[in-house]
Amino acid sequence: MRPLVADIDLDALRHNYQLACRCAPQSRSVAVIKADAYGHGALACAQALEAHAPAFAVACIEEALALRKGGITKPIVLLEGIFSTDELALVDTHGFWIAVHSQWQVDALLAAAPRQPIPVWLKVDSGMHRLGFAIEEAAAIWRQLLAAPSVASLHLMSHFATADAQDSRYFTQQMARLQGLASKLEAPLCLANSPATLAWPVAHGDWNRPGVMLYGSDPLEVANDITRQLKPVMTLRSEIIALRELEEGEPVGYSGRWRAPRRSRIAVVACGYGDGYDRHARDGTPVLVNGQRCAIAGKVSMDMLTVDVTDVPDAAIGSEVVLWGSASNGEVLPVDEVARYCDTISYTLLTGVLPRAPRRYHGRSD
């Protein structure tokens with residue numbers, strides 16, 4: 001079988017979730033598992049966390065229904081709410097919680113007659129300018145929903161645009177707007193994403209929403225003592241399938257972008273952009289070969305990539321290659337570091353790993 005696999009460490013997932021809880025011990029932490037748990041497998045991750053997390057969060061009802069079908073019984077929040085009024089029947093049947101960010105959603109909820117009132121997170125636009133009601137109109141909407149028989153618990157929700165920055169005036173402005181509104185309404189808050197959970201205790205509310213940190217990625221611009229405790233959950237692992245000896249000046253790969261600066265040994269690895277590895281990876285992008293740092297040499301192909309292993313004399317056909325994550329000898333290559341070489345972020349690498357790289361789960365399932 002082709003050696004490429006995405007190893008998923010469920011113990012590391014639980015460790016990272018518990019770290020999020022320790023960051024905000026007075027809050028409840030909903031585990032965000034949208035986008036197939038950031039590429040890690042939503043059902044397997046939910047099963048691993050169900051005994052620990054009081055609720056899960058996804059982007060849409062299709063993701064929530066898949067979890068229910070898989071046996072997940074904990075509350076599930078639809079972070080973008082419903083996309084049509086027809087979905088309210090499914091929300092009622094399956095006991096989902098919903099975000100409400102637009103007037104038509106409010107109108108649909110006020111007109112509904114669910115069997116049980118629906119928990120609602122009212123989304124306010126405090127400065128992200130993506131979804132949510134303006135601060136100036138939120139109070140009136142809040143009071144409408146608070147009085148509606150179709151609504152159970154009600155929380156105030158927002159999203160931060162710059163919580164990943166070490167010193168963000170804009171974050172402070174957003175936080176001040178939200179605190180003023182929450183004080184006026186006496187509203188419980190759900191505000192903190194991963195960076196706010198890790199770095200901004202002022203944003204810790206009744207609920208927090210840790211997402212990418214659960215998978216071991218550091219969302220902050222500058223790492224701190226807490227983010228250094230995160231453990232990688234996905235290791236994208238393959239093997240060397242061929243070796244080539246090149247003379248100085250010889251090219252490798254399409255367009256001959258990389259040329260050997262000396263007599264070099266090049267390893268061909270079974271992984272390419274057809275598996276989700278980023279084609280924009282620059283020459284020098286790090287990989288681990290037998291636990292030692294090496295660098296990509298030449299453009300990534302659809303099914304393969306090439307690595308300079310001149311300084312790894314024990315590299316052989318079948319040698320372990322870690323594209324990101326933890327090597328067998330304990331060395332770690334952070335996905336965040338690889339992302340910087342690809343001019344992107346860890347989110348795109350993790351969610352971009354395609355089904356051709358099978359997920360292989362390790363650790364306790366619950």
Side-chain angles (χ1 to χ4, degrees), residues 1-7 39 216-218 221-223 232 234-354 356-358 360:
M1 294 177 66
R2 191 163 180 260
L4 181 68
V5 64
D7 280 324
S217 174
D218 183 351
E221 287 183 353
V222 179
M234 179 190 289
T235 294
L236 189 62
R237 189 189 314 275
S238 190
E239 295 178 2
I240 293 175
I241 62 171
L243 289 159
R244 292 286 182 273
E245 300 284 344
L246 299 184
E247 297 298 330
E248 180 180 346
E250 287 194 279
V252 172
Y254 287 116
S255 78
R257 183 181 70 184
W258 187 89
R259 290 182 178 270
R262 55 179 172 166
R263 182 174 173 81
S264 300
R265 194 165 181 242
I266 299 299
V268 181
V269 179
C271 180
Y273 62 78
D275 304 294
Y277 194 87
D278 199 320
R279 184 177 177 275
H280 298 98
R282 303 195 300 270
D283 293 335
T285 299
V287 300
L288 300 177
V289 176
N290 289 343
Q292 299 181 60
R293 280 192 167 236
C294 297
I296 285 180
K299 290 184 178 180
V300 174
S301 302
M302 180 178 286
D303 311 306
M304 294 169 279
L305 53 81
T306 42
V307 177
D308 184 354
V309 293
T310 308
D311 296 324
V312 185
D314 64 344
I317 292 175
S319 290
E320 176 191 69
V321 179
V322 168
L323 288 311
W324 63 71
S326 301
S328 297
N329 70 348
E331 289 295 314
V332 174
L333 175 58
V335 66
D336 307 283
E337 181 179 354
V338 177
R340 287 191 290 271
Y341 279 86
C342 300
D343 295 322
T344 187
I345 57 176
S346 64
Y347 302 71
T348 61
L349 296 186
L350 294 172
T351 60
V353 178
L354 297 171
R356 194 167 72 159
R360 183 171 64 187

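What you see below is based on every heavy atom in this structure, not just the backbone, and it leaves out hydrogens, waters and symmetry mates.
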Applying salt bridge (charged side-chain N to carboxylate O under 4.0 Å, His left out), can you list everything that pairs with [X], at least two apart in sequence or on another chain?
| X | value |
| --- | --- |
| Asp336 | none |
| Glu245 | Arg265 |
| Arg244 | none |
| Asp314 | none |

Quick one: list whatever passes side chain to side chain contact (heavy atoms under 4.5 Å, CB included) with Leu354, sequence neighbours left out.
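Residues passing side chain to side chain contact (heavy atoms under 4.5 Å, CB included) with Leu354: none at all.
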
With sequence neighbours excluded, what pairs up with Pro251 under the side chain to side chain contact (heavy atoms under 4.5 Å, CB included) test?
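Pro251 satisfies side chain to side chain contact (heavy atoms under 4.5 Å, CB included) with Arg259 only.
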
Does [X] reach the side chain of [Y], with side-chain heavy atoms less than 4.5 Å apart?
| X | Y | answer |
| --- | --- | --- |
| His280 | Thr344 | no |
| Leu4 | Tyr277 | no |
| Val338 | Leu349 | yes |

Scan the side chains in residues 322-332 for donor-acceptor partners under 3.5 Å anywhere in the protein, sequence neighbours excluded, and list what turns up.
unit_1 : atom_1 : unit_2 : atom_2 : d
Ser328 : OG     : Glu320 : OE2    : 2.6
Asn329 : OD1    : Glu331 : N      : 3.0

[X]: side-chain hydrogen bond (donor to acceptor under 3.5 Å, both in side chains) partners, not counting sequence neighbours:
| X | result |
| --- | --- |
| Ser319 | Asn290 |
| Arg263 | Glu247 |
| Arg293 | Glu337 |
| Arg2 | Asp275 |

Distance-only check: which donor-acceptor pairs under 3.5 Å involve side-chain atoms of residues 298-305, not counting sequence neighbours?
unit_1 : atom_1 : unit_2 : atom_2 : d
Lys299 : NZ     : Ser255 : OG     : 3.3
Asp303 : OD1    : Arg356 : NH1    : 3.1
Asp303 : OD1    : Arg356 : NH2    : 2.8

